[in-house]
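Scroll down for the structure; my scribbles are underneath it.
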Amino acid sequence: MIIPGILFKSQTSFSSISNLKLNFKSFLNPKFTLQFNPISSLKVVWRKDWTLDKAIENDKRYKLCARVVKEVLKEPGQAIPLRYVDKRRKRLRLNVGVKTFINNNPGLFDTYYDRIRPKSNLVPFLRPSNRLRNFLEEEKRICDENEELVVSKLCKLLMMSRYKVISVDKLVHVKREFGLPNDFLVNLVPKYSNYFRLTGSPGEGQSFLELVEWNPEFAKSVIEQRAEEESQLTGIRVRPNFNYKLPRGFSLRKEMREWVRDWLELDYISPYEDVSHLDQASREMEKRMVAVLHELLSLSLLKRVPVPILGKFTNDYRFSNAFSSAFTRHSGIFYMSLKGGIKTAVLREAYKGDELIDKDPLLGIKDKFVELLEEGWRERAEMLRVQREQVKKDMEMMAAKNGELSEQSCEEAEL
């Protein structure tokens with residue numbers, strides 16, 4: 001039944017909440033007032049999600065290799081003494097020696113000998129292998145093909161911020177999370193001067209990226225786009241809201257279920273909407289903050305971002321100081337992983353099990369890098385197999401030779 005004037009929420013936003021029934025009295029009866037408990041008094045016990053933790057664990061080896069590659073590439077001439085990398089093992093979170101790492105991941109680097117200073121002794125250096133250089137060319141090609149996507153992401157990051165300007169240092173720090181190319185400040189920003197302007201003093205570390213032009217096409221969140229698509233499919237105008245899906249076996253206390261129900265009935269506030277008039281402690285601001293966090297995770301490559309990285313943007317996006325508690329309070333939307341001793345915010349709807357549902361086109365870069373690594377791992381496994389077979393043959397030959405010598409000794413003894 002369709003009631004004129006009512007914008008129905010998407011059914012998918014609520015169907016997975018255990019024992020949660022929606023109450024539409026607030027729409028039908030103007031005298032009805034929703035009762036909200038204070039946000040600070042509501043607590044949800046954190047619960048481990050094995051499948052989403054596995055998604056993070058699957059990328060552990062890839063990310064370690066990427067960190068070491070990045071360390072070498074940022075050096076002058078893209079070459080570095082091996083012992084310098086060894087000294088940075090703690091910062092790189094490298095739990096083995098550099099020589100062991102190189103042997104375990106062949107195909108990444110070439111080792112050669114050179115002098116650190118003109119009259120010093122020769123020492124081993126690392127430099128990118130030909131395979132790695134080919135990958136870097138492929139990375140550039142994928143970035144060029146998806147340049148419009150990168151521009152839209154950068155615009156969106158600025159459009160959600162309070163003053164439409166963000167520190168360059170922060171953007172450089174998160175470029176890997178959102179798929180921004182290494183040279184985006186040098187090549188991309190000047191190329192799109194209609195959108196971006198660099199201000200401040202770059203040489204002094206006080207530079208900022210400012211939004212020049214507001215593009216209405218970019219000012220639609222993933223949730224708003226999804227609602228529009230559902231409206232077109234069903235012919236019924238769907239109200240934007242969050243997909244809320246609690247993990248299997250997870251339940252909320254009655255007080256929290258009621259709060260979630262009423263909170264979901266609040267109007268969705270777009271992360272691109274001006275909210276300067278909202279009180280920081282209001283329930284509307286809570287909904288807007290969750291909308292921003294949802295959009296940031298949606299824009300990220302892996303639909304997950306370490307919480308400390310998100311925390312760098314507290315002032316830019318008007319997050320509360322306790323913003324990270326939203327990831328456990330809204331457990332049907334997010335998951336807070338503690339894998340690897342780092343808090344990571346994960347967008348639940350983006351995953352089916354431990355696999356991403358819709359992959360960002362820029363993830364093609366990761367796929368190519370993993371192919372490079374797997375090629376080296378296969379070669380190493382084959383080399384070890386050949387070595388084991390050779391050792392086995394050598395032992396068999398030695399045993400046979402020892403047997404012949406024993407027989408010869410026995411014959412001589414009989415004579």
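This one's a predicted model, so the numbers in the text were calculated from it and none came from an experiment.
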*Lys90 atom NZ: more than 12 heavy-atom contacts under 6.0 Å*: no
*asked:* Tell me whether the count of non-hydrogen atoms from other residues, nucleotides or ligands lying under 6.0 Å of CD in Glu148 goes above 12.
replied: no
_What verdict does the side chain to side chain contact (heavy atoms under 4.5 Å, CB included) test give for Leu302 and Val346, after you've listed the backbone C-alpha separation in whole Å, the side-chain angles of each residue and the deciding distance to 0.1 Å?_
CA-CA 9 Å; Leu302 296 170; Val346 185; over 6 Å; no
*Salt-bridge present (Arg239, Asp267; N to O < 4.0 Å)*: yes
_Distance (rounded to the nearest 0.5 Å) between Leu209 CG and Leu185 CG_ = 7.0 Å
*Do Phe327 and Leu310 come within less than 4.5 Å of each other through their side chains, counting heavy atoms only?*
yes
*Side chain to side chain, Leu180 and Val150, heavy atoms closer than 4.5 Å*: yes
*Is a donor on one side and an acceptor on the other found under 3.5 Å between the side chain of Tyr317 and the backbone of Leu157?*
yes
*Quick one: OG on Ser270 to NZ on Lys287, what's the gap to the nearest 0.5 Å?*
12.5 Å
_N-O pairing of Lys366 and Asp59 below 4.0 Å_ = yes
*State, with a plain yes or no, whether a side-chain heavy atom of Ile309 is found less than 4.5 Å away from one of Arg176.*
no
*Closest heavy-atom contact between Gln225 and Lys220?*
NE2-O, 3.3 Å
_Residues Glu284 and His277: side-chain donor-acceptor under 3.5 angstrom_ = no
*At their closest point, which heavy atom of Leu293 faces which heavy atom of Ala326, and how far apart are they?*
CD1-CB, 4.3 Å
*Check whether any side-chain heavy atom of Glu145 sits under 4.5 Å from a side-chain heavy atom of Arg141, and report yes or no.*
yes
*Smallest separation among heavy atoms of Ser298 and Val222, with atom names*: CB-CG2, 3.6 Å
*Between Lys156 and Leu296, is there a donor-acceptor pair closer than 3.5 Å when you use the side chain of the first and the backbone of the second?*
no
*Non-hydrogen atoms of Pro124 and Thr111 that approach each other most closely*: CB-CG2, 4.1 Å
*Answer yes or no: is there a side-chain heavy-atom contact under 4.5 Å between Met285 and Asp279?*
no
_Flag, side chain of Arg318 to backbone of Val275, donor-acceptor distance under 3.5 Å_ = yes
*Is the closest side-chain heavy-atom distance between Ile166 and Leu158 below 4.5 Å?*
yes
*Ile365 backbone acceptor or donor facing Glu138 side chain under 3.5 Å*: no
*For Lys368, does the NZ atom have more than 12 heavy-atom neighbours from other residues, nucleotides or ligands under 6.0 Å away?*
no
*Determine, for Trp377 and Arg61, whether the Lys NZ or Arg CZ falls below 6.0 Å from the six-membered ring centre while staying within 45 degrees of the axis.*
yes
*Tell me, please, which residues at least two apart from Ser337 pass side-chain hydrogen bond (donor to acceptor under 3.5 Å, both in side chains).*
Asp53
*Would you check, one step at a time, whether the test side chain to side chain contact (heavy atoms under 4.5 Å, CB included) holds for Leu154 with Tyr195?*
CA-CA 9 Å; Leu154 196 51; Tyr195 283 134; over 6 Å; no
*Which of these passes salt bridge (Lys or Arg N to Asp or Glu O under 4.0 Å) with Asp316: Arg162, Lys170, Lys164?*
Lys170
_Over-ring placement of Lys48 relative to Trp50, 6.0 Å and 45° cut-offs_ = yes
_Under 3.5 Å side-chain donor-acceptor pair for Asp169 and Ser167_ = no
*Sequence neighbours excluded, which residues qualify as ring pair (Phe, Tyr, Trp, His ring centres under 6.0 Å) partners of Phe125?*
Tyr112
_Presence of salt bridge, Glu389 and Arg385, under 4.0 angstrom_ = yes
*Taking it one step at a time, do Phe101 and Leu64 satisfy side chain to side chain contact (heavy atoms under 4.5 Å, CB included)?*
CA-CA 10 Å; Phe101 171 82; Leu64 172 61; 4.2 Å; yes
*Hey, could you give me each pair passing side chain to side chain donor-acceptor pair (under 3.5 Å) that has a residue in residues 120-130? Not counting sequence neighbours.*
none
*Is the side chain of Asn241 donor-acceptor paired with the backbone N or O of Leu264 at a distance under 3.5 Å, no angle test?*
yes
*asked:* Would you say that Val68 contacts Asn105 through its side chain, given a criterion of any heavy-atom pair below 4.5 Å between the two side chains?
replied: no
*Decide whether Glu295 and Tyr272 meet the rule of one side-chain donor and one side-chain acceptor closer than 3.5 Å.*
yes
*Asn315 CG: over 12 foreign heavy atoms closer than 6.0 Å*: no
*Out of Tyr244, Phe242, Trp259, which residue meets the ring-ring contact (aromatic ring centres under 6.0 Å, His included) rule with His330?*
Trp259
*asked:* Testing the basics here: between Pro128 and Gln78, what is the closest heavy-atom pair and its distance to 0.1 Å?
replied: CD-O, 3.0 Å
*Centroid-to-centroid, Phe313 to Phe319, below 6.0 Å?*
no
*If you take all heavy atoms of Leu362 and Leu301, which pair is closest and at what distance?*
CB-CD2, 3.6 Å
*To the nearest 0.5 angstrom, please state how far the CZ atom of Arg88 sits from the CZ atom of Arg67.*
14.5 Å
_Side-chain donor or acceptor of Glu224 paired with backbone N/O of Ser221 under 3.5 Å_ = yes
*How about Leu132 and Asp110: do any of their side-chain heavy atoms sit closer than 4.5 Å?*
no
*asked:* I need the Cys143 SG to Leu149 CG distance, nearest 0.5 Å.
replied: 10.0 Å
*Does a salt bridge link Glu57 with Lys339, judged by any charged N lying under 4.0 Å from a carboxylate O?*
yes
*Which residues satisfy the ring pair (Phe, Tyr, Trp, His ring centres under 6.0 Å) test with Phe184, sequence neighbours excluded?*
none
_Taking CG in Asn321 as the centre, count heavy atoms belonging to other residues, nucleotides or ligands within less than 6.0 Å. Is the count above 12?_
no
*Tell me, please, which residues at least two apart from Phe178 pass ring pair (Phe, Tyr, Trp, His ring centres under 6.0 Å).*
none
_Pair Leu211-Cys155, side chain to side chain contact (heavy atoms under 4.5 Å, CB included): steps then yes or no_ = CA-CA 7 Å; Leu211 184 72; Cys155 283; 4.3 Å; yes
*asked:* Give me each pair satisfying side chain to side chain donor-acceptor pair (under 3.5 Å) with a member in residues 343-364, each pair once, sequence neighbours excluded.
replied: Asp49-Arg348, Asn58-Asp354, Lys153-Asp360, Arg226-Glu349, His294-Glu349, Arg304-Tyr351
_Distance alone, cut at 3.5 Å: any donor-acceptor contact between the side chains of Tyr192 and Glu147?_
yes
_Gap separating the NZ atom of Lys87 from the CG atom of Leu92, nearest 0.5 angstrom_ = 14.0 Å
*NZ on Lys140 to CZ on Phe135, rounded to 0.5 Å*: 14.0 Å
